[in-house]
Amino acid sequence: MLFADPLFGLPSWIDAIIRIVIVVLVMTVFVIYSTYGERKLVARFQQRLGPMRTGPWGLWQGFADAIKLVGKEDIRPKNADRWVFELAPYATFIPVLLTLMVLPFAENWGVRNLALGVFFVFAVLGLNIVGILMAGLGSGNKYALLGAVRAAAQMISYEIPLVVSLLCVVMITGADTGNGVGTLNLNTIAALQEDRPYIVLQPLAFLIFFTAMLSELHRAPFDIPVAESEIVGGYFVEYSGIRWSMFQLTEYASMWGFAVFGSVVFLGGWAWPFGVDSHWALQLATTFTKALAIVVVIIWIRTTVPRLRIDQLMNFSWKVLLELSFLQLIVNGIILYYDWPQELLALTSAVGAGFLIFLIIRHASARSTKGLLGTYRTLGASSS
Amino acid sequence: MSKTLAPKPIDQVVKLLEQRFGKLPVAINQTATDANIDCPPEHFRAVVEELKNHRDLAFDFLRNIVGIDMLEEGLACKYQFFSYKNRQAVQVTVLTPPGNPHIPSITDLYPAANWHEREAAEMVGLIFDGHPNLKNLLLDEDVRIHPLLKAHPLQKAEILQGIEDTTPGFTF
Amino acid sequence: MATEVIWWIFALGIIALSAGVVFSRSVIHSAIFLIGSLAGVGVMFVILTVEFLALTQFLIYGGAVTVLVLLALMLTRADPSGRAEKVNGPQAPFALLAGIGVAAVLLVAALSTEWAGNTESPTNIAIEAISQRLFEDFGLPFILASVLLLVALVGAIIVARQEEGE
Amino acid sequence: MSIWPEERVHALADDGFETVDMTINVGPQHPATHGVFRMVLTVDGEKVVDCEPYIGYLHRGLEKLTENHDYRQAMGWWDRTDYLAGMACEMAYCMAVEKLGNISVPLRAEYIRVMMVELSRILSHFMFFGAFGADVGSFGTSFIYGWRERERIYDFFEEVAGDRMFPTYFRPGGVQMDLPENYQDRVRWLLGSIRQGLEDFDGLLVGNEIFVERCRGLSPVTPEQAIAWGLTGPCLRATGYKFDLRKDEPYSVYPNLKFDIPTGANGDVFDRFMVRMAEAWQSTLIVEQCLDALSQMEGELVLNPDLPKTLRIDSGECYVRTEGTKGEYGVYALAKGGNKPYRMKLRSPSFCNLSALREMVIGTYVADAIIILGSLDIVLGEVDK
């Protein structure tokens with residue numbers, strides 16, 4: 001295992017605890033401000049102002065919400081399964097917390113620098129479902145149960161394209177490290193992108209990763225497990241107060257976690273465009289900016305796009321994303337095996353990404369949706 | 001399908017109905033808007049079947065069912081039919097004798113009649129024989145009052161009948 | 001020393017959770033205890049510094065298998081409220097016999113084997129070495145196993161589809 | 001076409017697995033029910049195998065109240081039936097009273113009425129677009145889009161009548177008072193922003209492939225089914241059947257106005273949406289013609305001056321139907337002397353459209369059931385009377 005130097009020369013485990021505490025505290029502040037930021041951003045998309053009353057431009061709104069949530073009554077339904085119900089928020093939160101442990105926010109700025117970083121992230125994220133299932137089963141509510149079933153089905157389906165799209169990148173790191181052996185270490189993956197981020201080489205893989213990420217996060221258009229207009233919040237419908245805020249914390253923490261993860265793997269992390277030798281503050285700012293960009297896009301999509309149906313969601317995963325991601329994997333393998341130039345990688349992946357986008361657009365335009373209103377815009381245009 | 005037919009004048013509809021129903025013991029007259037057939041309950045089914053199935057009549061659409069409390073005359077039920085095919089409208093009035101508010105249901109001919117009949121049943125106490133599910137629709141399921149009867153008070157403390165403990169209900 | 005303490009804590013924890021799997025009255029609780037116990041085994045692997053195995057344990061057993069168990073439970077039970085359900089039927093004595101048998105076999109095997117490794121200073125096996133073994137030394141058996149699993153998967157789907165179609 | 005049998009219409013999917021059917025209660029407090037409506041869905045996994053709607057949570061005894069109030073007093077209750085388009089309900093009520101009492105209405109008042117009713121139709125349709133978008137899951141953005149134009153129309157209503165949702169502006173024999181001074185510019189500006197709003201919806205929802213994918217081909221209804229189930233209004237026209245009471249049984253000044261009746265092709269959810277879009281656009285054209293006509297008769301009377309203080313109607317019976325925002329809004333009225341109607345009955349389009357819900361949702365997914373319910377565009381004030 002690679003370890004960065006312990007802070008102040010402390011023993012390794014004290015150093016780890018200090019780092020964990022720092023990450024958790026910073027994450028909490030981030031979560032509080034990302035709820036505020038999301039509300040502001042969504043409000044702007046909807047031609048509103050968003051929170052304005054608490055502090056200047058409503059800046060303290062997040063803290064006010066947090067205090068309100070902590071002070072709320074913690075309600076447990078009568079026919080809930082007590083321990084399952086009460087432990088579920090923690091069971092969802094811990095895996096997300098664990099993923100934050102391996103993310104490099106700048107060079108060696110992270111809790112631990114694992115050799116198996118990428119593998120660790122998706123191994124631990126798999127456990128996330130357990131907490132959701134516990135919430136759904138323990139609540140004694142049918143909406144919650146339905147939400148949990150949907151969440152489990154969806155997360156299992158989308159984990160495969162997610163993992164395969166990451167493997168595409170890991171394959172390429174093998175060509176970059178020089179010895180032909182790829183790396184799963186997130187820090188190394190970031191450092192390898194000093195010259196160009198992997199999104200240039202693998203746009204298709206990034207598209208697949210981004211889509212699968214939206215699904216894993218239960219964000220629109222894949223927010224089927226929490227669909228407010230159908231099952232009113234899904235698996236956390238029965239939670240209130242602090243336990244509900246644990247779910248919110250999990251949601252936003254995992255959103256940031258995925259954003260940092262995606263920016264490290266695809267967007268060059270802290271290394272691109274300022275190089276591996278830049279100042280740590282610049283590196284931190286770079287990572288933050290990239291993660292923020294991903295988060296903003298997630299929120300943007302949420303405000304504009306309706307929700308898919310569960311069967312359409314499954315079809316999209318199993319019939320489009322899975323095939324494309326495996327195709328990308330095979331093409332990468334061929335190109336890397338014969339040592340063809342990397343421009344070919346970029347080209348094939350870009351063609352694939354173009355194909356994916358074309359598929360979606362053709363699907364929409366083939367149905368000539370724009371015609372109907374146009375016919376009735378003027379008088380007598382449609383009179384028979 | 002999409003041709004626009006002019007609505008048929010009422011007197012033409014009345015004439016048409018007189019040709020069809022001259023033999024039956026029904027009275028044909030007209031209201032301010034529609035032709036009207038006054039029909040006793042026992043001939044009601046036959047009249048409606050004729051209205052629905054005859055080529056010249058072809059009343060394929062049930063607009064509305066109104067239950068009315070006519071006090072000492074009994075309960076009346078008015079059906080508004082419309083023919084999309086021939087663009088004509090007719091109203092069928094069924095007056096049930098006091099104490100015997102039974103009318104055959106027409107849900108098998110017009111699926112749309114289902115909720116209308118349920119509403120008329122709970123509001124004035126008509127009974128539609130052959131209706132698949134004559135439960136209360138708008139009122140509470142276990143309430144057995146008929147609020148649109150003229151005898152039912154408007155501004156009094158109402159006692160919801162049919163509930164075991166007869167505590168006063170809502171006061172308006 | 002510290003490692004040993006942690007090892008003992010987790011070992012006892014695993015035993016307690018496994019007992020929970022057997023003795024809890026609700027199927028849901030059993031499944032959750034099972035997840036806990038499997039995750040504990042994963043932690044044991046971490047203590048032995050075989051991270052790859054530990055993560056695989058988390059991914060396959062913690063994430064996938066138990067989730068499938070829970071999903072199957074959710075879809076097949078009449079009462080979604082998670083109330084206790086009778087799990088012990090007339091098969092209990094046979095299950096006990098089978099359990100004792102398996103435990104005995106495992107114990108005998110564990111005690112009679114001459115273990116090659118050394119728990120005092122475990123060796124850290126790099127993932128490169130594992131992949132070397134898996135994809136080069138034992139490449140053909142690995143691929144054959146994959147094909148077998150794939151065939152089983154496709155077969156399962158076909159069987160399920162046929163029943164739906166009729 | 002089954003007639004609501006007690007037994008299951010669709011046999012449970014026999015896929016060889018011993019799965020358990022689950023009943024889900026949706027409503028009366030549920031974001032998708034647009035008010036206090038409740039339905040109990042029996043689901044097999046995600047498929048709906050049965051649906052039992054329950055209504056009446058908002059029953060206010062409209063008909064009983066009308067029987068016990070003066071003709072003019074009772075009109076306020078009728079505002080509150082289709083509370084998204086109060087003026088359209090007033091129109092039907094006033095027409096019924098006028099029919100009973102043989103009351104004539106000045107021409108200027110008729111044009112004002114039609115203009116207000118068409119603006120109400122736009123109001124109601126915008127509410128539908130917004131709420132339907134939220135049903136499909138666009139996180140409130142469509143809602144806010146719909147609200148923007150609604151606020152502007154409501155502001156105009158407030159200036160005209162003093163109230164936004166329940167204006168009580170019409171009177172038997174005309175309208176309460178003339179329009180404010182600057183109404184021509186005001187309404188023309190309104191029409192511009194309404195058209196912009198429709199374009200925005202066209203871009204936000206219809207231009208979105210997920211929306212189209214969700215709505216296309218969902219619960220297709222044939223014209224025959226629609227007529228048998230009692231569907232009227234946009235739900236009927238979406239099936240391709242061109243029938244609109246404004247054209248086919250014309251009333252008021254509609255014969256003098258030029259407009260088209262938009263129809264769909266498949267009767268599916270998407271067509272219901274598009275028919276309403278096109279209808280709202282046509283309504284703006286009608287309002288424009290009304291404005292032109294009104295500018296020719298400035299200063300004329302807007303209320304029949306010969307009416308007594310208390311309306312007394314000796315006898316009469318009528319069934320007046322108007323094209324309400326949701327379908328055929330019919331009023332049955334029976335007078336037997338005195339200053340109160342003997343019986344008044346509302347044939348509410350939402351009520352009749354909703355009665356077909358069960359047939360439509362069986363066999364669809366839970367998420368689709370919500371969308372189908374949304375596509376019927378029910379208003380619970382009208383359903384429950």
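The sequence lines fix the lettering, A, B, ..., with proteins before strands; numbering per chain opens at 1.
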Practice prompt. Check the pair D/Y342 / D/E317 against side chain to side chain contact (heavy atoms under 4.5 Å, CB included), numbers first and verdict last.
Written response: CA-CA 10 Å; D/Y342 186 81; D/E317 181 183 13; over 6 Å; no
Worksheet item: Checking B/D34 against chain D: side chain, backbone, both or neither under 4.5 Å from a heavy atom?
Response: side chain
Discussion item. Less than 4.5 Å to any heavy atom of chain D: does that hold for the side chain of B/Q30, its backbone, both, or neither?
Written reply: neither
Worksheet item: With only heavy atoms counted, which part of D/F351 is less than 4.5 Å from chain B, the side chain, the backbone, both or neither?
Response: both
Worksheet item: Based on non-hydrogen pairs under 4.5 Å, which of D/I55, D/V383, D/D244 is most in contact with chain B?
Response: D/I55
Item to complete: Name all residues meeting the salt bridge (Lys or Arg N to Asp or Glu O under 4.0 Å) criterion together with D/R347; count only those two or more places apart in sequence or in a different chain, and write none if there are none.
Response: none
Practice prompt. Tell me, for B/A113 versus chain D, whether the close heavy atoms (under 4.5 Å) come from the side chain, the backbone, both or neither.
Written response: neither
Fill in: Check against side chain to side chain contact (heavy atoms under 4.5 Å, CB included), B/H116 and B/Y110
CA-CA 11 Å; B/H116 287 300; B/Y110 296 93; over 6 Å; no
Practice prompt. Examine whether an atom of D/L334 lies under 4.5 Å from a heavy atom of chain B, and if so say whether it belongs to the side chain, the backbone or both; otherwise answer neither.
Written response: side chain
Practice prompt. Would you please name every residue forming a side chain to side chain contact (heavy atoms under 4.5 Å, CB included) with B/P98, sequence neighbours left out?
Written response: none
Response to the item:
Taking a cut-off of under 4.5 angstrom between non-hydrogen atoms, the residues of residues 74-83 of chain B near chain D are B/K78, B/Q80, B/F82
Practice prompt. Measure from NZ or CZ of D/K247 to the centre of the six-membered ring of D/Y254, then state whether that distance is under 6.0 Å and the direction lies within 45° of the axis.
Written response: no
Fill in: Which atoms of B/I65 approach chain D - backbone, side chain, both or neither, heavy atom under 4.5 Å
backbone
Worksheet item: Restricting to pairs with a member in residues 36-48 of chain B, which pass side chain to side chain donor-acceptor pair (under 3.5 Å), not counting sequence neighbours?
Response: B/N29-B/N36, B/N29-B/D38, B/N36-B/D38, B/N36-B/Q91, B/N36-B/T93, B/R45-B/E49, B/R45-B/D108
Item to complete: Could you check D/N304 against D/S104 for side-chain hydrogen bond (donor to acceptor under 3.5 Å, both in side chains), going step by step and ending with a plain yes or no?
Response: CA-CA 7 Å; D/N304 189 338; D/S104 66; 3.2 Å; yes
Discussion item. For B/L149, which atoms come within 4.5 Å of any heavy atom of chain D: side chain, backbone, both, or neither?
Written reply: backbone
Worksheet item: Checking salt bridge (charged side-chain N to carboxylate O under 4.0 Å, His left out) for the pair B/R87/D/D248: CA distance, chi angles, key distance, verdict?
Response: CA-CA 8 Å; B/R87 297 291 150 105; D/D248 288 289; 2.6 Å; yes
Worksheet entry | Verdict with supporting geometry, D/Y93 and D/T66, side-chain hydrogen bond (donor to acceptor under 3.5 Å, both in side chains) | CA-CA 11 Å; D/Y93 177 82; D/T66 311; over 6 Å; no
Worksheet item: Taking 4.0 angstrom as the limit, do D/K326 and D/D82 come out as a salt bridge?
Response: yes
Worksheet entry | For D/Q282 against D/D260, the heavy-atom pair lying closest together | OE1-N, 2.9 Å
Discussion item. Does D/E67 form a salt bridge (charged side-chain N to carboxylate O under 4.0 Å, His left out) with D/K340? I'd like the steps, not just the answer.
Written reply: CA-CA 6 Å; D/E67 282 173 23; D/K340 299 167 187 167; over 6 Å; no
Discussion item. Heavy-atom pairs under 4.5 Å with chain D: which of B/D69, B/L62, B/V66 has the most?
Written reply: B/V66
Item to complete: Say whether D/Y329 and D/T232, considering side chains only, have a donor N or O and an acceptor N or O under 3.5 Å apart.
Response: no
Fill in: B/N136 portion near chain D, given a 4.5 angstrom heavy-atom threshold
neither
Worksheet entry | Contact leader toward chain D among B/L139, B/L137, B/L138, where contacts are heavy-atom pairs under 4.5 Å | B/L138
Worksheet, complete the sentence: Among D/E328, D/K336, D/K99, the residue with the most heavy-atom pairs under 4.5 Å to chain B is D/E328
Discussion item. Between D/F243 and chain B, with a heavy-atom cut-off of 4.5 Å, which part of the residue counts as in contact: side chain, backbone, both or neither?
Written reply: side chain
Worksheet item: Side chain, backbone, both or neither: which part of D/E63 has a heavy atom under 4.5 Å from chain B?
Response: both
